[in-house]
Amino acid sequence: MNITQTTQAGTLESNDILVTLKPNPEGTIEIHLQSVVLKQFGKQIKAIILSTLQNHGITSCLCECEDKGALDHVIIARVESAIQRQL
Amino acid sequence: MNRSYLFIPASNAGMILSSMVLDADAIIFDLEDGVALNQKISARTLLQHSLDTLDFLDKTLYVRINNASSDFFLEDVICANHPKVHGVVLPKAEIKSLEACLKVLDPSKTILCLIESALGVIQLPQLCQMSSQVKGLLLGGEDLSADCGVERTQAGHEIDYARKSLVMHAKAFNLMAIDTPFVDIEDHQGLKEEVKYVASLGYDAKVAINPRQVHVIHEALKVDPLKLKEAKMIVEAFEKQRTQGVGVFNLNGKMIDEPVYLKAKHLIEKEERRTP
């Protein structure tokens with residue numbers, strides 16, 4: 001499944017993450033992450049985002065995320081909501 | 001027995017997280033009025049993942065689902081069927097909406113009927129008897145006054161009939177009576193006075209809309225230690241007299257009979273159930 005429009009989910013409040021999904025002309029999944037804990041947890045957060053996208057059959061998108069210290073389950077929920085809004 | 005029910009908007013990740021450690025006896029995750037229309041589905045998704053992941057320890061968890069006539073109702077009830085959830089708060093509880101809820105809610109879950117319409121008030125006798133899943137009545141003063149087209153005041157005379165009718169029905173059918181939120185979150189004195197007033201009517205608990213209200217509610221619901229001590233003396237004396245065949249007697253100048261004994265016993269039991 002390709003992302004065909006821009007959708008968003010989440011907030012910039014503490015313990016949350018703002019996820020924006022956009023079409024990617026390159027045809028790949030590209031994740032851009034800003035986080036208050038980028039150095040400590042950046043790799044882990046990106047891995048969660050990627051696996052959530054892949055679990056929902058996403059093969060191409062530009063995923064821009066601004067993280068404010070979200071726990072794993074919040075990241076998953078927000079990515080899923082952004083995907084749901086594509087439908 | 002829960003003394004406080006704290007509303008937490010299910011759209012707010014941080015508040016859901018902090019609700020685990022707040023003092024409220026029960027948490028109501030709100031999918032209804034506390035969530036904007038365009039955030040309803042993402043709030044439910046967040047709540048589902050939070051319930052799957054977080055440990056809320058001994059907190060009693062409820063979900064305020066959306067109105068039975070809304071597009072969100074069915075999925076909300078399915079979300080509330082989660083094993084960690086104790087039950088639902090049913091908004092605009094009326095016969096039709098309760099029937100709809102009972103069709104899809106897991107039979108192990110309880111229902112708190114949110115009475116916030118004039119029709120809901122006059123249907124109280126039926127609502128109390130429709131299912132053993134109904135365990136409590138919760139007054140929604142804001143929506144009720146809107147439904148009646150009257151101004152909501154701090155004195156609350158406009159909801160007086162509903163408030164008294166609700167508690168009387170709760171007592172008649174052995175249900176929890178939970179009072180409407182106190183909306184001025186800065187006015188702790190006003191909240192304290194209102195809690196004491198509704199407790200004097202027989203209410204068991206109050207809804208909080210801010211974590212800072214919880215402690216005020218708990219303090220206001222504490223039984224006066226002197227009254228508790230007196231109640232214990234009455235119970236002890238009555239039970240002793242009863243073994244000797246005496247039904248009415250004088251204790252420190254006051255007549256003690258069966259109704260006085262039962263009232264004293266009820267006070268002690270209520271305090272014991274309330275003590276966390």
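Residue numbers begin at 1 in each chain, while the letters A, B, ... track the order of the sequences.
- Within a 6.0 Å radius of CG in B:Asp71, no more than 12 heavy atoms belonging to other residues, nucleotides or ligands are found.
- Residues of residues 143-150 of chain B never come closer than 4.5 Å to chain A when only heavy atoms are counted.
- Below 4.5 Å, heavy atoms of chain A meet no heavy atom from residues 76-112 of chain B.
- Between chain A and the residues B:Ala13, B:Ser11, B:Ser18, the most heavy-atom pairs under 4.5 angstrom are made by B:Ala13.
- Heavy-atom contacts from other residues, nucleotides or ligands closer than 6.0 Å to CD of B:Glu151 number 12 or fewer.
- Only the backbone of A:Ser14 comes within less than 4.5 Å of a heavy atom of chain B; no side-chain atom from C-beta onward does.
- Listed by sequence position, A:Leu71, A:His73, A:Val74, A:Ile76, A:Ala77, A:Arg78, A:Glu80, A:Ser81, A:Gln84, A:Arg85 are the residues of residues 63-87 of chain A in contact with chain B, using a 4.5 angstrom heavy-atom cutoff.
- Contact annotation for residues 46-68 of chain B against chain A (heavy-atom separation below 4.5 Å, listed by residue number): B:Leu46, B:His49, B:Ser50, B:Thr53, B:Leu54.
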